[in-house]
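Predicted model, so just to flag it, every value in this text is computed and none were measured.
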Amino acid sequence: MTDRGESKPPKADLRGPAHGSASGLESTEIARDAVFLLEKLGAVGTLDANRELRDFGLNARSFSVLSLAGEESAPTQKALAEMLTLDPSQIVALVDRLQGEGLVERVPDERDRRIRRVKATREGNEVCRNARERIFRAQRVTLSELDESEVRQLVALLGKALFGRAGSAG
């Protein structure tokens with residue numbers, strides 16, 4: 001697959017000198033702040049995911065759009081923007097790139113022809129299926145200090161915090 005024109009992830013490893021090693025950050029006051037830790041873990045996870053997705057010409061954002069477009073109830077661009085907390089213009093650019101690669105298409109809504117939904121193509125679903133394996137590999141790297149039950153617990157807690165209910169493990 002070719003690069004979809006998305007920026008390459010930064011080279012820096014945001015975890016510090018080595019994952020799990022002392023970087024001096026652990027002893028700071030901000031290191032006890034859940035929002036900061038979530039933001040930092042998200043940044044590290046995004047770097048790990050981008051590294052794994054590079055072979056598919058995807059990054060974490062484009063993979064998220066492709067994955068959601070593969071759901072049975074294909075979302076609208078507005079719904080994608082809300083789900084991914086992105087500006088609608090960013091979604092338009094991501095969908096344009098994925099559509100240019102033949103991975104998604106904009107299809108009319110069955111009930112309201114004025115509405116367009118973003119739906120993964122057969123090739124898009126195949127790319128997503130293969131890329132998902134790499135996403136799980138990236139997750140294992142990002143969360144390497146946690147065992148399987150801790151990962152399931154983390155996913156459940158994050159799902160509860162985000163959606164008001166326990167999330168399901170991926």
Side-chain angles (χ1 to χ4, degrees), residues 1-10 38-39 41-144 146 148-170:
M1 303 240 90
T2 61
D3 183 16
R4 290 182 172 72
E6 297 169 25
S7 62
K8 301 225 184 294
L38 286 167
E39 179 69 28
L41 184 62
V44 169
T46 298
L47 288 173
D48 290 338
N50 287 346
R51 200 169 10 261
E52 289 293 334
L53 293 169
R54 193 174 305 141
D55 293 342
F56 298 96
L58 299 171
N59 66 21
R61 283 186 177 179
S62 57
F63 173 80
S64 297
V65 170
L66 182 59
S67 181
L68 290 166
E71 295 290 325
E72 193 165 322
S73 59
T76 63
Q77 289 182 168
K78 180 180 179 185
L80 285 168
E82 290 170 3
M83 286 186 250
L84 300 174
T85 318
L86 294 173
D87 186 87
S89 64
Q90 292 173 298
I91 293 297
V92 169
L94 287 165
V95 171
D96 285 349
R97 286 185 200 115
L98 291 170
Q99 188 172 23
E101 292 289 330
L103 301 179
V104 300
E105 57 188 342
R106 291 175 170 100
V107 297
D109 183 88
E110 291 178 9
R111 286 176 265 164
D112 186 344
R113 307 293 280 174
R114 297 170 296 178
I115 297 173
R116 298 275 181 206
R117 296 194 171 272
V118 180
K119 181 177 178 160
T121 63
R122 182 177 297 161
E123 181 185 356
N125 282 320
E126 181 66 24
V127 168
C128 188
R129 214 174 359 267
N130 293 328
R132 190 173 313 281
E133 294 173 23
R134 301 294 276 287
I135 284 291
F136 289 132
R137 184 160 64 180
Q139 177 180 288
R140 286 190 300 275
V141 170
T142 303
L143 302 177
S144 63
L146 305 179
E148 286 183 41
S149 69
E150 289 171 323
V151 170
R152 284 192 300 276
Q153 183 180 17
L154 176 63
V155 170
L157 290 170
L158 291 172
K160 183 176 181 180
L162 285 170
F163 311 122
R165 59 178 168 71
S168 60

Participant: If you look at every heavy atom in S64 and L84, which pair is closest and at what distance?
Facilitator: CB-CD2, 3.7 Å
Participant: Given side-chain contact (heavy atoms from CB on, under 4.5 Å), test R122 with E126 step by step and report yes or no.
Facilitator: CA-CA 6 Å; R122 182 177 297 161; E126 181 66 24; 5.9 Å; no
Participant: List the residues meeting side-chain contact (heavy atoms from CB on, under 4.5 Å) with I135, not counting sequence neighbours, and say none if there are none.
Facilitator: A49, L53, F63
Participant: Counting only N and O atoms by type, is there a donor-acceptor contact under 3.5 Å from the side chain of T142 to the main-chain atoms of A138?
Facilitator: yes
Participant: About how many Å separate CG of L66 and CZ of R61, when rounded to the nearest 0.5 Å?
Facilitator: 16.0 Å
Participant: Please confirm whether the backbone N or O of R116 pairs with a side-chain atom of T76, one donor and one acceptor, at under 3.5 Å?
Facilitator: no
Participant: Are any of the side-chain nitrogens in D96 or R106 under 4.0 Å away from the carboxylate oxygens of its partner?
Facilitator: yes
Participant: Ignoring hydrogens, what is the shortest heavy-atom contact between A120 and N125? Give both atom names and the distance.
Facilitator: CB-OD1, 3.4 Å
Participant: Determine, stepwise, if the pair L94 / L80 fulfils side-chain contact (heavy atoms from CB on, under 4.5 Å).
Facilitator: CA-CA 10 Å; L94 287 165; L80 285 168; over 6 Å; no
Participant: Which atoms form the tightest heavy-atom contact between E105 and Q99, and what is the distance?
Facilitator: CA-NE2, 4.1 Å
Participant: How close do G102 and E123 get, counting heavy atoms only, and between which atoms?
Facilitator: O-OE1, 4.0 Å
Participant: Tell me the closest heavy-atom pair linking S62 and L58, and the distance in Å.
Facilitator: OG-CA, 3.4 Å
Participant: Compare every heavy atom of P75 with every heavy atom of A79, then report the nearest pair and how far apart it is.
Facilitator: CB-CB, 4.1 Å
Participant: Tell me, please, which residues at least two apart from E150 pass side-chain contact (heavy atoms from CB on, under 4.5 Å).
Facilitator: L146, D147
